[in-house]
Number of protein chains: 2
Amino acid sequence: MTTPKRRLPVMADVAREAGVSHQTVSRVLNHHPNVRADTRARVEEAITRLGYRRNLVARALVTKRSRTLGVVSFDTTLYGPASTIYGIEQAARTAGYFVSIVSLKSIDTDNVRDAIGYLTEQGVDGVVVVAPQRSAWRALDNLPSGMPAVAVEGMHNACVPVVCIDQVQGARLATRHLLDQGHETVWHVTGPTDWLETEGRIAGWRAVLEEAGRPVPEPLAGDWSPRAGYEAGKSLAAMKGVTAIFTANDQMALGVLRALSEKGVRVPDDISVVGFDDIPESEFFSPPLTTVRQDFAAVGRQCIEVLLRQIDMGPATAERLVVPPGFVVRSSTAPAR
Amino acid sequence: MTTPKRRLPVMADVAREAGVSHQTVSRVLNHHPNVRADTRARVEEAITRLGYRRNLVARALVTKRSRTLGVVSFDTTLYGPASTIYGIEQAARTAGYFVSIVSLKSIDTDNVRDAIGYLTEQGVDGVVVVAPQRSAWRALDNLPSGMPAVAVEGMHNACVPVVCIDQVQGARLATRHLLDQGHETVWHVTGPTDWLETEGRIAGWRAVLEEAGRPVPEPLAGDWSPRAGYEAGKSLAAMKGVTAIFTANDQMALGVLRALSEKGVRVPDDISVVGFDDIPESEFFSPPLTTVRQDFAAVGRQCIEVLLRQIDMGPATAERLVVPPGFVVRSSTAPAR
DNA sequence: CCGCAAGATGTGCTCGGTCATATGCCCCTC
DNA sequence: GAGGGGCATATGACCGAGCACATCTTGCGG
């Protein structure tokens, strides 16, 4: 038996089936209290009998609420963004929201602006921007008016609230730990320029060194990739007097470890290494990596919280929620000899 | 001048501004050819002047096309799913589609069914299911009728097309490589039970051993995590006669490497190790990991291709698109002594 | 036994687009 | 010069829900 183009059932069909008006069906669906129990039962039965599913698109049109949140992100393959988005999605769904994602493969102001534009057309109730680059940040200056938004790891800004992990503090923790171990100074392999995290981590690292009156070595430029860490590691292995390295993320730390091991430099005996992120692999590096832990799930949750508050109660003051970093000591650091 | 609750402009506003009917505005927006050039220009100017953005929700209501695709996935923090979804999102956006994601933290038939249900209500034009577990797979048996769908790494099934990487072939490549190096047999650390990849990889590994008439050791159960690999590695290090290990993914390989190194077992001198996935880190493990490469981006692209074909041309025959795995030889394998 | 408030249900309009169709217009041909 | 075809544009219905309001019940106090 072919079903010749049978249209999906709509509210009116359910209403007819249950012998009530479409409005009553709507009430049942929305758990409105003022419906008699037996009527409710009749409607519910009609719903299951017909296999009716409500059309959220039609609902969104009239309520002007799509219960969908937009996420704009850069390279969702990276552990940080992926984890943050996971946290966002979980929190959003718990709150009854869908998540629509746009992941950009290159970041510039126009890209981000366009992405936000698409999401706006699509009718999202709010946007989370996970694009912690200066260039991306500029796109937030002129958001579509009235669009609730929140940024992950952004700069302070008059209009958009920010949820972030305290990068400076994380870098301080790492650097201080190394100084406390008796190292004279700490070398730093940075993230890509333009990233705010990169800047924060450099700032924290530099601040600790300067406060302690230590020499501040020229940082080595990286790009988050293990390969960049590997290249930096080769350079550092060839230099004299390097005893402590702080890399801006764990993947680069892995590259550094690899390079050092190839050069016959022992970690932590000859050189101590600290990373940033605490990816699941770090614990099993050779040696297990001492690193700064970021609670991405918490960031995701906070984002949704801030965003929903804006959606429900109107524009918020541009707050800045800071999630403190943790520090995990493993075996890649040791006292200086 | 405050703008007191100014509603966003709609088509009618643009029409009035440009002195045409709303239908003409619609034609301009949809690039309908039959619009005089100067009219078009007038409309476009009105659009920019008013900052008008079309409301895709209203459009979706009447066209019954939301230009949104749903993705149901398990733990998008894992490298495989994350990469696949990235590929899906890129391909979808290129084709003018949005992607709405539901990522499940635990997989069972009901979960997946619910997720698909939510997405259906939300009006997605099709669904990609990235949940390669037997239990998830069962949820695909009774999809909402007429909903285009495609599964990543699924079993063969009458109703849903599948895009997958040839797991069996990948495992064969890995195992054969080790046998070719002169190893008597190969030990295997598996993924979690219930995962189809786990089964495929076991099958490929077992087949090669049996074809070569080699003993088939009892596989060690893992769960993709580095820790599971570490535990398995400790067991294997304690056993006699182990010279070659094939782990079902790279993260577990990392754990194995760590455990072996702790026990003073040298890789590849004493034991050879092969992984699966080729995550960006693998190249920088100690030693760099020989592994099976999966082209997740290709999988994502194929998914969208298959899905869009279904959306445009009606239900497809349940095809099965197989992406061949690659094999990357690095330094974690060596001839048996 | 009536009145009235609260509860239960129904009616018709609205959201902002697209679709089918109608209309006006110009130009070309016989 | 009338008829016809194609183009440019306008008109009104419609998608499937929710909302405001109208209407019909019901229960309870006086």
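By convention in this document, chain letters (A, B, ...) are assigned in the order of the sequence lines, proteins followed by strands, and residues within each chain are numbered from 1. Both backbone and side-chain heavy atoms feed into the values below; hydrogens, waters and symmetry mates do not.
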Polar side chain donor-acceptor pair, B:Gln122 to A:Thr68, under 3.5 angstrom: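 There is such a pair (donor and acceptor under 3.5 Å, judged by atom type) between the side chains of B:Gln122 and A:Thr68.
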A:Asp194 side chain to A:Ser135 side chain, donor-acceptor N/O pair below 3.5 angstrom: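 There is such a pair (donor and acceptor under 3.5 Å, judged by atom type) between the side chains of A:Asp194 and A:Ser135.
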Stepwise side chain to side chain donor-acceptor pair (under 3.5 Å) test for A:Glu89 and B:Thr76: CA-CA 10 Å; A:Glu89 201 277 334; B:Thr76 46; over 6 Å; no
[X]/[Y] ion pair, N-O < 4.0 Å:
X        : Y        : answer
B:Arg40  : B:Glu44  : no
A:Glu305 : A:Arg301 : no
A:Glu319 : A:Arg309 : yes

DNA chain D contacts made by residues 40-57 of chain A, counting heavy atoms under 4.0 Å: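 A:Tyr52, A:Arg54, A:Asn55, in order of number.
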Between atom [atom1] in [X] and atom [atom2] in [N], what is the gap in whole Å?
X       : N      : atom1 : atom2 : value
B:Asn34 : D:dC7  : CG    : C1'   : 6 Å
A:Leu61 : D:dC19 : CG    : C1'   : 13 Å
A:Met11 : C:dT9  : CE    : P     : 15 Å
B:Leu29 : C:dG17 : CG    : C1'   : 10 Å
A:Asp38 : D:dT26 : CG    : P     : 11 Å
B:His32 : D:dA8  : NE2   : P     : 8 Å

Would you say [X] places a side-chain N or O within less than 4.0 Å of OP1 or OP2 belonging to [N]?
X       : N      : result
A:Lys64 : C:dG16 : yes
B:Arg36 : D:dC7  : no
A:Thr24 : C:dA8  : no

Heavy-atom neighbours of B:Arg134 CZ exceed 12 at 6.0 Å: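 Not buried by this count: 12 neighbours or fewer within 6.0 Å.
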Nearest-0.5 Å distance, OG of residue B:Ser103 to CD1 of residue B:Ile85: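 It is 7.0 Å, given to the nearest 0.5 Å.
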From CG (B:Asn55) to OG1 (A:Thr120), nearest 0.5 Å: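 Those atoms lie 11.0 Å apart.
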Given DNA chain D, 5'-ward residue of the pair A:Ala58 and B:Thr39, judged by closest heavy atom: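 That would be B:Thr39.
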Side-chain donor/acceptor of A:Asp125 to backbone N/O of A:Arg67, under 3.5 Å: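 Such a contact is found between A:Asp125 side chain and A:Arg67 backbone.
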Overall bend - the helix from C:dC1-D:dG30 to C:dC30-D:dG1, comparing terminal axes fitted on five pairs, nearest 10 degrees: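 Axis-to-axis angle, ends of the helix: 50°.
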Sequence-aligned protein contact record of nucleotides 19-24 of chain C, with B where the base is within under 4.0 Å of a protein heavy atom and S where only the sugar-phosphate is: BB----
Full working for side chain to side chain donor-acceptor pair (under 3.5 Å) between B:Asn111 and B:Ser106: CA-CA 8 Å; B:Asn111 264 349; B:Ser106 80; 3.3 Å; yes
Minimum-distance nucleotide to A:Val35 side chain [options: C:dT9, D:dA10, D:dA17]: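 Closest nucleotide to the A:Val35 side chain: C:dT9.
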Contacts of B:Tyr118 that satisfy ring-ring contact (aromatic ring centres under 6.0 Å, His included) - sequence neighbours left out: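 So B:Tyr118 forms no ring-ring contact (aromatic ring centres under 6.0 Å, His included) with any residue.
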Residues which pass ring-ring contact (aromatic ring centres under 6.0 Å, His included) with A:Phe296, listed by chain and number, not counting sequence neighbours: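 Testing A:Phe296 for ring-ring contact (aromatic ring centres under 6.0 Å, His included), a comparison that skips the adjacent residues, returns A:Tyr79.
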Test log, rule side-chain contact (heavy atoms from CB on, under 4.5 Å), inputs A:Leu8 and A:Tyr52: CA-CA 7 Å; A:Leu8 291 171; A:Tyr52 167 76; over 6 Å; no
Those residues of residues 117-127 of chain B lying under 4.0 Å from DNA chain C by at least one heavy atom: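 Output list: empty, so none.
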